[in-house]
Structures are given as C-alpha cells and as structure tokens.
Amino acid sequence: MKKMIMLCGLLFICCALSAQDTVAIKKVTYPAGFTEQLNVVYTKVNDWEGKLDLYLPPVKNAPIPLVINIHGGGWNKGNKESQSGFSGFFKRGYAVANIAYRLTGVATAPAAVEDTRCALIYLISNAKKLNIDVNKIVIMGGSAGGHLALMGGLLENNHIFDTNCKTNEKIKVAAIIDKYGITDVWDWGYGPNKTSKSATSWLGAKAKDKDFAMSVSPLYQVKKTSPPVFIVHGDADPTVPYQQSVALKAKLDELGVKNEFITVKGGLHGKFTPEDNSMVNAKIMEFLKGLGL
C-alpha cells in the first residue's frame, strides 16, 4: 500500500513538472499567400540558439516592410510562442519576425539586448533574400519586450552590445513601438515608484553598478538622430510605473525626436479593455502611416 502511495505521489510530481514545462503556444494565423519560417536560427552563443519565427507576404517586386516583435516577461519568463495578434500588420502587407532571446535563467544583462541586436542585424543582413525593405523596419515589444525594442532601435550604429554579431551594415529602424516598457532599469530596481526583483535579477552580478544599468536603459540612449517612437502606457500600471514612459516622452521631446504618447486611463500592465486595445491598435497604424510606413 505504501509503495502504491509513493508511486502515485511520484506520478503526481512528474505530471506537475510536465505541466509547468509546457510552453504556451498561440498559433499565428495569417492571410492566404503568406508563408512561415519557424525557429530560424539568427545567432548562437555557446550551446544556446537564438531563434525567430518569420511570417512573409507573397513575393512582389517591391521590398516589403517588416515588424520585429519581442515578448515581455521581466526578462525572466515568456516565449515567442505566446505572441499573436499580428493581423493588422498582415493586412497592410508587413512581414513579421517574432523573436526569442536569452532569459535571466540562461544569461543576465546585457544578454537580452545582445540577442535583440543580433536578430535585427540578421534581418538587415538577409533583407535582400527575404525581400525586406531595410528602410521600413519597425521594432515593437511590450513590457521587457518594450525595453528591448527601445534598446534595439535607439542604439542605432552604437555597436557596444554587438560583439556576438559584428557587422558593417547600417543599423537603423524606421520606428519603435514601445508598449509600457521599462525605460530606466536602475529606477525600476531601486527608484521611489517601484522596486522590482526582475530588474536586479536581470542585472545579475552588476546589480549595484548604476553606470551599467544606465547603459542598458533606453532613457539614456536617446539622441537627436533617434527613430520615431510610439509609446503606450496605462496610468494605473502596477508593474512598470507609468512615470517610466512619462520620463521617456520628456527626453524625446527635449531632443526633438518625433514621438506619440498614448495614455490608457485606468489601464493596468497590458490589461486594457477591448475598446482601449482597438483604440491603441488604430493609433499605432495611424502613427506608422504618418511616417510613410
């Protein structure tokens, strides 16, 4: 009887562990004529492979615009398979690249930034083969993904985090879409508005190095040549303080960088009403249209 109870207990534990390891997968649906290339390896770091999923419109004579999407999760969780909802871009003829990156459990900062840059560099380097217009690349993300989208785009030709993917290509995106992203990592970890264990965990051995934290914070990468930025943030966000986006908006305005900041009244961390989601999506498309994208 005791053996039977122990066996049942072991089976329960195994099932529980299996359930925890199950990856949440959202099947991306796309229009007829589109093709998919899943788990394309864009970089390798030791035994880790950086992979991305590509969704490409039918081949036409003119190169196509591209949106690079980056998932959130405090740099310590989440996966590209959890992402979907690209129909607005598909309808407008965009290709979509949905990327994975090293999480904190695999490697601490600046690994996720390095991977974001590698994915961007890979796509620019292979633009001709993929029929991508290098002048119409948009980089987008939410939460930690918003932070990485900002870092990937704002660094431009500063190759400080490109050691894994050295290139002579011109690195420039046409626009950045930041959804409630972290703009000041040090402030998120130690500031007065919110202290986050995700921030200090991601900084790892450099958790007390303020200069390093600033080097991986978008707020300190803005310059006059920065690409246009679209920001959306709920003013009741309990996870990433609304003030983080307010500070970024102020810096962009100070340096004359084109931007738009949408405040979702009462919006939580990525939890908006269907009506607010529709409004935000429409505003994003209007912003990109205004840029000729």
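In this structure a side-chain-to-backbone donor-acceptor pair under 3.5 Å is missing from K136 to V67. Under a 3.5 Å cut-off, the side chain of Q244 and the backbone N or O of V240 do not form any donor-acceptor pair. For the pair S217 (side chain) and Y220 (backbone), a donor-acceptor distance under 3.5 Å is absent. Side chain of D115 to main chain of R102: a donor-acceptor pair is present (N/O by atom type, distance under 3.5 Å, no hydrogens or angles). Panel note: side chain K251, backbone L219; a donor-acceptor pair is recorded below 3.5 Å. Looking only at distances, no side-chain donor or acceptor of S196 sits under 3.5 Å from a matching main-chain atom of G189.
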Could you go through F261 and Y242, starting from their C-alpha distance and side-chain angles, then the distance that decides it, and tell me whether this counts as ring pair (Phe, Tyr, Trp, His ring centres under 6.0 Å)? CA-CA 11 Å; F261 182 18; Y242 174 71; 5.7 Å; yes
Stepwise ring pair (Phe, Tyr, Trp, His ring centres under 6.0 Å) test for Y30 and F86: CA-CA 8 Å; Y30 42 82; F86 305 123; over 10 Å; no
As a quick check of understanding, evaluate ring pair (Phe, Tyr, Trp, His ring centres under 6.0 Å) for W188 and H147, giving each step before the final call. CA-CA 12 Å; W188 199 39; H147 161 269; 9.0 Å; no
Checking side chain to side chain contact (heavy atoms under 4.5 Å, CB included) for the pair E169/I121: CA distance, chi angles, key distance, verdict? CA-CA 8 Å; E169 300 279 0; I121 289 167; 5.6 Å; no
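For K206 and F212, the positive end sits near the middle of the six-membered ring, less than 6.0 Å away and at most 45° from its axis.
Neither side chain, Y42 nor N126, offers a donor N or O lying under 3.5 Å from an acceptor on the other. For T263 and D235, the side-chain atoms include no donor-acceptor pair closer than 3.5 Å. A donor-acceptor contact closer than 3.5 angstrom is absent between the side chains of S278 and N281.
Across Q83 and V28, no two heavy atoms sit closer than the pair O-CG2, 3.6 Å. Pairing each heavy atom of N135 with each of L293, the nearest pair is O-CD2, 4.2 Å. Closest heavy-atom contact between T163 and E114: OG1-OE2, 4.2 Å. When all heavy atoms are compared, the tightest approach of I171 to N157 is N-OD1, 2.8 Å. Minimum interatomic distance between S201 and T108 (heavy atoms only, all atoms of both residues): O-CG2, 3.6 Å.
Expressed to the nearest 0.5 Å, how far OG1 of T225 lies from NZ of K172 amounts to 5.0 Å. Between atom CG of residue L155 and atom CD1 of residue I160 there is a gap of 8.0 Å, rounded to the nearest 0.5 Å. Rounded to the nearest 0.5 Å, atoms CD1 (I99) and CG (N79) are 13.0 Å apart. To the nearest 0.5 Å, atom NE2 of residue H71 and atom OG of residue S82 are 6.5 Å apart.
Using a 4.0 Å cut-off between a side-chain N of Lys or Arg and a carboxylate O of Asp or Glu, E156 and K170 do not qualify as a salt bridge. Using a cut-off of 4.0 Å between Lys/Arg side-chain N and Asp/Glu carboxylate O, K249 and D253 are scored as salt-bridged.
Members clustered with Y190: W186, by chain and number, using a 4.5 Å side-chain heavy-atom cutoff among hydrophobic residues.
Within a 6.0 Å sphere centred on NZ of K77, heavy atoms belonging to other residues, nucleotides or ligands number 12 at most.
For residues 45-59, the side-chain hydrogen bond (donor to acceptor under 3.5 Å, both in side chains) pairs, not counting sequence neighbours, are D53-K80.
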